[in-house]
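Remarks on the structure that follows.
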Amino acid sequence: MYERGENVSLVNTLVKIGTERLGVSTSEVDDLKLHLENNVGAKDVMKEIQTGRRRYQIQGVPFFVIGAVDGETSLGQPYGFSGAQDSGTFVDIFEELAGNLA
């Protein structure tokens, strides 16, 4: 992973992470490589990026969207915030969202 000095923009690195950490089987490796090398799904990713920019005014990274859900139902408006955050910020939001579940 990036914080361990691995370049996650390389196909071979992503395949290694998939097989070693995410349970991708050796029989799936060729399909995974083909998927990554041909940018399969790139249009869907770009669509999600545009949705995030429009819906949450995302302009940079990191950006966090945190909300409470009950099954498939969203409970209230999600929180959206950018930039590095203190762990206390997350704790406060999680506590408030947990209160919505009670």
Side chains of [X] and [Y], heavy atoms from C-beta outward: is any pair under 4.5 Å?
X: Lys16; Y: Arg21; value: no
X: Thr19; Y: Val29; value: yes
X: Phe64; Y: Ser82; value: no
X: Asp31; Y: His35; value: no
X: Leu97; Y: Ile66; value: yes

Taking atom [atom1] of [X] and atom [atom2] of [Y], what is their separation to the nearest 0.5 Å?
X: Glu48; Y: Arg53; atom1: CD; atom2: CZ; value: 13.0 Å
X: Arg54; Y: Ile49; atom1: CZ; atom2: CD1; value: 12.5 Å
X: Met46; Y: Thr51; atom1: CE; atom2: OG1; value: 11.0 Å

Give the minimum heavy-atom separation between Val65 and Pro78, together with the two atoms involved.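 The pair with the smallest heavy-atom distance is CG1-CB, 4.0 Å.
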Please report the closest heavy-atom contact between Ala84 and Pro62, naming both atoms and the distance.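 Looking at all heavy atoms of both residues, the closest pair is N-CG, 4.1 Å.
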Linking I/L/V/M/F/W/Y whenever any side-chain heavy atoms sit under 4.5 Å apart, do Phe63 and Tyr79 land together? no
Under a 4.5 Å side-chain heavy-atom rule over Ile, Leu, Val, Met, Phe, Trp and Tyr, are Leu22 and Val11 clustered together?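 Cluster IDs for Leu22 and Val11 match.
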Would you say [X]'s side chain and [Y]'s backbone share a donor-acceptor pair under 3.5 angstrom?
X: Thr89; Y: Gln85; answer: no
X: Asn38; Y: Val40; answer: no
X: Thr13; Y: Asn7; answer: yes
X: Glu20; Y: Ile17; answer: no

Where do Lys33 and Leu14 land on the side chain to side chain contact (heavy atoms under 4.5 Å, CB included) test, with the steps shown first? CA-CA 9 Å; Lys33 281 184 180 180; Leu14 293 173; over 6 Å; no
Would a line drawn from the ring center of Phe81 to the ring center of Phe90 be shorter than 6.0 Å?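 They qualify: ring centres under 6.0 Å apart.
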Answer with yes or no whether the side chains of Ser25 and Glu28 bring together a donor and an acceptor at under 3.5 Å.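 A pair is found: one side chain offers a donor N or O, the other an acceptor, under 3.5 Å apart.
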